[in-house]
Amino acid sequence: MRATVRQAARATVQLVVSAAMTFGSYIFVTVLLITAILTATVVGAFMLPETVLLIRRIAGAKRQQAGGWTGRKIPEAYQPLTGTVRERLRTAVRDPGTLTDFRWMVAYYAYGTLPVLMLPLWPLGLVVDGVWCGLLRRRAVVLPLISRLADLDAHWSTVLLKPSPKAQLAVRVEELTQTRAGAIAAHEAELRRIERDLHDGTQARLVSLSMRIGLAKRAYDQDPAAARRMLDDAQTLAEEALTDLRHVVRAIHPPILTDRGLVGAVRALAASSALSVTVTVDGLTDGHDGPRAPAAVEAAAYFVVAESLTNAAKYSGADRADVHLARARTGLRVRVRDEGRGGADEAGGSGLLGMRRRVAALDGGVTLTSPVGGPTVIEVELPCVW
């Protein structure tokens, strides 16, 4: 009986919150009527986007409440209301999420009265279930109905507030548009970096090499010793140019990934890092044994680890870091943690924005947790098929 009363009390709180939201929705009818009238007369058309935003907040609160009761989050899919008044008005009218929220609000005016049915159930349940459970040791009959009312309210809200496939498609298209723009920006930045490295490093050394060889040819007949020294310098410049080229190639796609796989490449990164790095692996193998993620996914994961360790060594003040690689059913997960000072900022030029763009280009996600005082944790999920 005690557990039944406790569950009924929890459902009562849920229904009381729903009743408060229903009362607020009834008051909101006045705002809707005023907006409809003014929009029809064109004079108050600017009020429509603001009203739609208010409806979104109300629907969002109901999604959160219903999701908290059922334990299943209700997704939302809205197009952003930005731009000029005309653009915002057009988006508010055409957004499928607006119709979904309006349909829910109309239905909520009806089923929002479910909490009223709870009022007679409490005194009746305390009497009937008190005798039925307390004396006869039977299962409660009346008080569980309060929980069923809360279940019904949450179920109907979930069905009505779930975004339509059209709304989800529109949001997905918007996400892909932003992802594509980020991928293009990251690609352009990478091309500029490669061009800068080739121009400032390799090209300058090759020009100097050509000059040294030319001078050595001129001095060969008259001063062989000087020509030999120039050729020695030319050989040194050639070796330095080759080293620069290797760095450029590694930045495009590290050869170690092809030779040793992601696990071996990350272990090599950890060994060469200025920090004491611990690498743990779950579901992955070294070298070519076992299934491997696609090359683009491995490259993105490698650069995430490399950038994270570089940032930790430069900015965090930590002396150790942990890297975790895990194979998931839907892709590859990477987690890098350091016990430094925290406070990492994407706008601070630490390469986090480029990392996010590189991962987003593969439809992945980056989660950064870096409170002041640490620790800093970077978690990346890269979808792929094994």
Side-chain angles (χ1 to χ4, degrees), residues 4 7-40 44-45 47-79 81 91-126 128-129 140-168 170-171:
T4 302
Q7 177 63 20
R10 181 170 171 266
T12 299
V13 173
Q14 179 77 4
L15 290 171
V16 167
V17 174
S18 296
M21 295 184 66
T22 303
F23 180 73
S25 299
Y26 289 158
I27 297 177
F28 191 65
V29 172
T30 305
V31 179
L32 286 177
L33 291 175
I34 294 175
T35 301
I37 293 173
L38 292 179
T39 302
M47 291 183 59
L48 181 60
E50 303 302 326
T51 305
V52 169
L53 285 175
L54 186 55
I55 295 176
R56 288 182 179 183
R57 294 189 182 98
I58 296 174
K62 186 61 181 178
R63 285 188 180 94
Q64 186 175 4
Q65 186 218 10
W69 176 258
T70 61
R72 296 186 300 272
K73 183 179 179 181
I74 305 175
E76 61 180 31
Y78 295 121
Q79 297 179 13
L81 292 179
T91 303
V93 173
R94 295 181 179 180
D95 185 5
T98 302
L99 178 60
T100 298
D101 290 349
F102 183 74
R103 182 185 59 190
W104 163 77
M105 184 161 283
V106 171
Y108 196 52
Y109 294 149
Y111 79 87
T113 58
L114 283 176
V116 177
L117 302 177
M118 169 192 65
L119 298 178
L121 292 179
W122 265 110
L124 182 62
L126 291 176
V128 174
D129 291 339
V141 176
V142 179
L143 289 179
L145 295 177
I146 300 176
S147 295
R148 293 181 183 178
L149 288 176
D151 291 339
L152 191 60
D153 175 84
H155 174 70
W156 284 349
S157 298
T158 301
V159 172
L160 291 170
L161 287 173
K162 184 179 179 180
S164 64
K166 184 178 180 182
Q168 292 177 330
V171 171

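Computed from a predicted structure; not experimentally measured. Side chains included, hydrogens not; waters and symmetry mates left out as well; all remaining heavy atoms used.
Here the straight-line distance linking atom CD1 of I146 with atom CD of Q7 works out to 10.0 Å at 0.5 Å rounding. A distance of 9.5 Å separates CD of E50 from CG of L54, quoted to the nearest 0.5 Å. A distance of 10.5 Å separates OH of Y111 from NE2 of H155, quoted to the nearest 0.5 Å. In this structure, CG on D95 lies 4.5 Å from CD on Q79, to the nearest 0.5 angstrom. How far OG of S147 is from CH2 of W69: 5.0 Å, rounded to the nearest 0.5 Å. The CG atom of L124 sits 9.0 Å away from the CG atom of L145 when rounded to the nearest 0.5 Å.
Considering all non-hydrogen atoms of both residues, P49 and L81 come closest at O-CD1, 3.7 Å. Residue A66 comes nearest to T158 through the heavy atom pair CB-OG1, 4.4 Å, listed as atom of the first residue, atom of the second, then distance. A pairwise comparison of heavy atoms in L121 and L117 identifies CG-O, 3.3 Å as the closest pair.
Looking at V52 and F102, their side chains never come closer than 4.5 Å, going by heavy atoms from C-beta outward. The shortest side-chain heavy-atom distance between T22 and Y109 does not fall under the 4.5 Å cut-off. At a threshold of 4.5 Å between non-hydrogen side-chain atoms, the residues R56 and L53 count as touching.
Taking the six-membered ring for Trp and thresholds of 30 and 60 degrees, W104 and Y108 have nearly parallel ring planes, at less than 30 degrees apart.
Although no hydrogens or angles enter the test, the distance criterion places no donor-acceptor pair under 3.5 Å between the side chain of T98 and the main chain of R94. A donor-acceptor contact shorter than 3.5 Å is absent between the side chain of R63 and the backbone of E76.
For D101 and R57, the salt-bridge test fails: no basic side-chain N is under 4.0 Å from an acidic carboxylate O.
Partners of P144 by side chain to side chain contact (heavy atoms under 4.5 Å, CB included), not counting sequence neighbours, listed by chain and number: T4, D129, A140.
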Which pairs of donor and acceptor atoms, one on a side chain in residues 8-20, lie under 3.5 Å apart (sequence neighbours left out)?
{"from": "T12", "atom 1": "OG1", "to": "A8", "atom 2": "O", "distance (Å)": "2.7"}
{"from": "T12", "atom 1": "OG1", "to": "W122", "atom 2": "NE1", "distance (Å)": "2.8"}
{"from": "Q14", "atom 1": "NE2", "to": "Q65", "atom 2": "O", "distance (Å)": "3.3"}
{"from": "S18", "atom 1": "OG", "to": "Q14", "atom 2": "O", "distance (Å)": "3.1"}
{"from": "S18", "atom 1": "OG", "to": "K62", "atom 2": "NZ", "distance (Å)": "3.1"}
{"from": "S18", "atom 1": "OG", "to": "Q65", "atom 2": "NE2", "distance (Å)": "2.9"}
{"from": "S18", "atom 1": "OG", "to": "D153", "atom 2": "OD2", "distance (Å)": "3.2"}

